[in-house]
Protein chains: 2
Amino acid sequence: MNAPETIKLLRTQSLTNLVHEELERRIAAGQLLPGTPLREASIATDLGISRGPVREAFRMLEERGLVEFEKNCGVRVRQLDLEQAMQIYQVRIPLEALIGELVAHRLTPETHASLQQVVEQMRLTVTRQDIPCYTELNFLFHDLLAKYTANPSLYDTYRRLVVQLKLFRSYTFRHNPETIALSLQEHQTIFETIAARDIAASKALLRQHAQDSLIRLQAASQSS
Amino acid sequence: MNAPETIKLLRTQSLTNLVHEELERRIAAGQLLPGTPLREASIATDLGISRGPVREAFRMLEERGLVEFEKNCGVRVRQLDLEQAMQIYQVRIPLEALIGELVAHRLTPETHASLQQVVEQMRLTVTRQDIPCYTELNFLFHDLLAKYTANPSLYDTYRRLVVQLKLFRSYTFRHNPETIALSLQEHQTIFETIAARDIAASKALLRQHAQDSLIRLQAASQSS
DNA sequence: CTATTGTAAATTGTCAACAATATGCAATAT
DNA sequence: ATATTGCATATTGTTGACAATTTACAATAG
């Protein structure tokens, strides 16, 4: 690692932030399942640090709705039931509509190219039936849309909700060769509508897309 | 203080939570102005505790978007410019619409009575021209609406945005005898529409109400 | 055998001390 | 006079230790 990079790291990164990022990553990736207790001392010694920064990271995760404190009993990864997941979706739906409007309105050559690239990669994963990779690109596509609204508050609010949704067990939709092709089609249409800068249509499409996801979530959780 | 209360406090409250609540209260009340540096040691000794819980509270406030860390330089109350305030409003507007729908749909005799009481109190403050008190009741009215949607995620998301807006200097609208009467009229109409359980009208009214607030915010900040 | 009590281990809550970094100011050199 | 260097002070970042609470389990009484 070169000197300027190291300096920048030391100037910006604290142990607290590192722990926070690492734990959030593990939770979002499903490595730390909802309900798992997180013990300060264990995490601290694993990372070779003291308990202070771990506790600070816990407080940040608590505010993000990813873990829950129970005084004197410790911290556990938050568990979401179907009702809570549906409530989050209820908030997400109008935000997706807003994202559709703004991203279509604010589209630049750079963001257009970036979105196009992701859709193209999605097409390739469908061709080779790489469902896990498709799922990741799906998240990325929607994350980029939120980012390209150029509204940090919207992006932040949106991300909060999406990360919390990962605490619901059957959130990640189990794609099969049939549904994945339909999903690809839908995302291509969304991209084209945004690329055409059709604000009203983008808004309607993304709202409907979120509503459909909610329906699938209900169906999936009732069948299991 | 009686024993059961004390026990409940000890079982649930930690120093971290107390510090967090106290600081958030001071920030929201405008006692700690945007840009103010917060020194750990000073706050700790003021409250008669050590720096640990204060740091944890800082991390929580950071995640709520109320303070900002600068490594090795400390924490300051976050400052919002007009653009950021408008971006927050952009998110708030569709949420207000959703609140209108849900609160009209979910209205119970209890919530109805509670809202009616607040509107009545607002009327009294207008009669006696108590503008600060009216402003407080105004916040309370909208907070209750969000709460009565019975969607904790929506309430949480909404509160985040509203608290952050208080970081913008000219957020609290300066009422005068003319505008306060108009505002009261508007809130009475909102209440009546919700009481009539007119979902579509409640949605439209609250969206428009939020949009009008945004316009006033722009006007107020340009004139100052 | 069941229920209760007591005790030990583990874990969290809090604190105080140490290390590292930034800030302000005086001294010096150009 | 201005800029730079060096030092003292203040503040944050991190750590390890102590206090308080919970949990698990064994011992005891009924």
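Values below: all heavy atoms of this structure, side chains included; hydrogens, waters and symmetry mates excluded.
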Student: Side chains of B:Arg92 and B:Tyr158: donor-acceptor distance under 3.5 Å anywhere?
Tutor: yes

Student: Could you pick out which residue, B:Arg51 or A:Cys73, lies toward the 5' side of DNA chain D when each is mapped onto its nearest nucleotide?
Tutor: B:Arg51

Student: Is any side-chain N or O of A:Arg55 closer than 4.0 Å to OP1 or OP2 of C:dG13?
Tutor: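 Yes.
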
Student: Without decimals, in angstroms, what is the distance between A:Leu15 CG and D:dG13 P?
Tutor: 10 Å

Student: May I have the distance from B:Glu40 (atom CD) to C:dA16 (atom P), rounded to whole angstrom?
Tutor: 15 Å

Student: I'd like to know whether CD of A:Gln129 has more than 12 heavy-atom contacts from other residues, nucleotides or ligands below 6.0 angstrom.
Tutor: yes

Student: Want to settle it: does B:Gly48 or A:Arg39 sit nearer the 5' end of DNA chain C, counting the closest nucleotide to each?
Tutor: A:Arg39

Student: Could you state the atom-to-atom distance from NZ of B:Lys71 to C1' of C:dA22 in whole Å?
Tutor: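 Taking NZ of B:Lys71 and C1' of C:dA22, I get 12 Å after rounding.
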
Student: Decide whether a cation-pi geometry holds between B:Arg59 and B:Phe69; the criteria are a distance under 6.0 Å from NZ or CZ to the six-membered ring centre and an angle within 45° of the ring axis.
Tutor: yes

Student: What is the distance, rounded to the nearest whole Å, between atom CD of A:Glu70 and atom C1' of C:dG13?
Tutor: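 Going from CD in A:Glu70 over to C1' in C:dG13 covers 15 Å.
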
Student: When all nucleic acid strands are considered with a 4.0 Å heavy-atom cut-off, which category describes B:Gly52: base, sugar-phosphate, or nothing?
Tutor: nothing

Student: If the cut-off is 4.0 Å, is A:Arg11 near the phosphate of C:dA22, judged by side-chain N/O to OP1 or OP2?
Tutor: yes

Student: Hey, would you say the B:His112 and B:Phe191 ring centroids sit under 6.0 Å apart?
Tutor: yes

Student: When you match A:Ile49 and B:Gly74 each to their closest nucleotide on DNA chain D, which lands nearer the 5' end?
Tutor: B:Gly74

Student: Under 4.0 Å, counting only non-hydrogen atoms across every strand here, what does A:Leu38 touch: a base, just sugar-phosphate, or nothing?
Tutor: sugar-phosphate

Student: In whole angstrom, what separates B:Phe69's CZ from C:dT21's P?
Tutor: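 Interatomic distance, CZ of B:Phe69 to P of C:dT21: 18 Å.
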
Student: Calculate the interatomic distance between B:Asn72 atom CG and C:dT23 atom C1'; express it in whole Å.
Tutor: 12 Å

Student: Tell me which one of A:Thr149, A:Thr157, A:Asp156 satisfies side chain to side chain contact (heavy atoms under 4.5 Å, CB included) with A:Ser153.
Tutor: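 Output: one option passes, namely A:Thr157.
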
Student: In this structure, how many angstroms lie between the P atom of D:dG13 and the CD atom of A:Gln13, rounded?
Tutor: 13 Å

Student: For the pair made of CG in B:Asn17 and C1' in C:dT12, what is the distance, rounded to whole Å?
Tutor: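 Rounded to whole Å, this separation is 14 Å.
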
Student: Using a heavy-atom cut-off of 4.0 Å across all strands, would you classify A:Leu10 as base, sugar-phosphate, or nothing?
Tutor: nothing

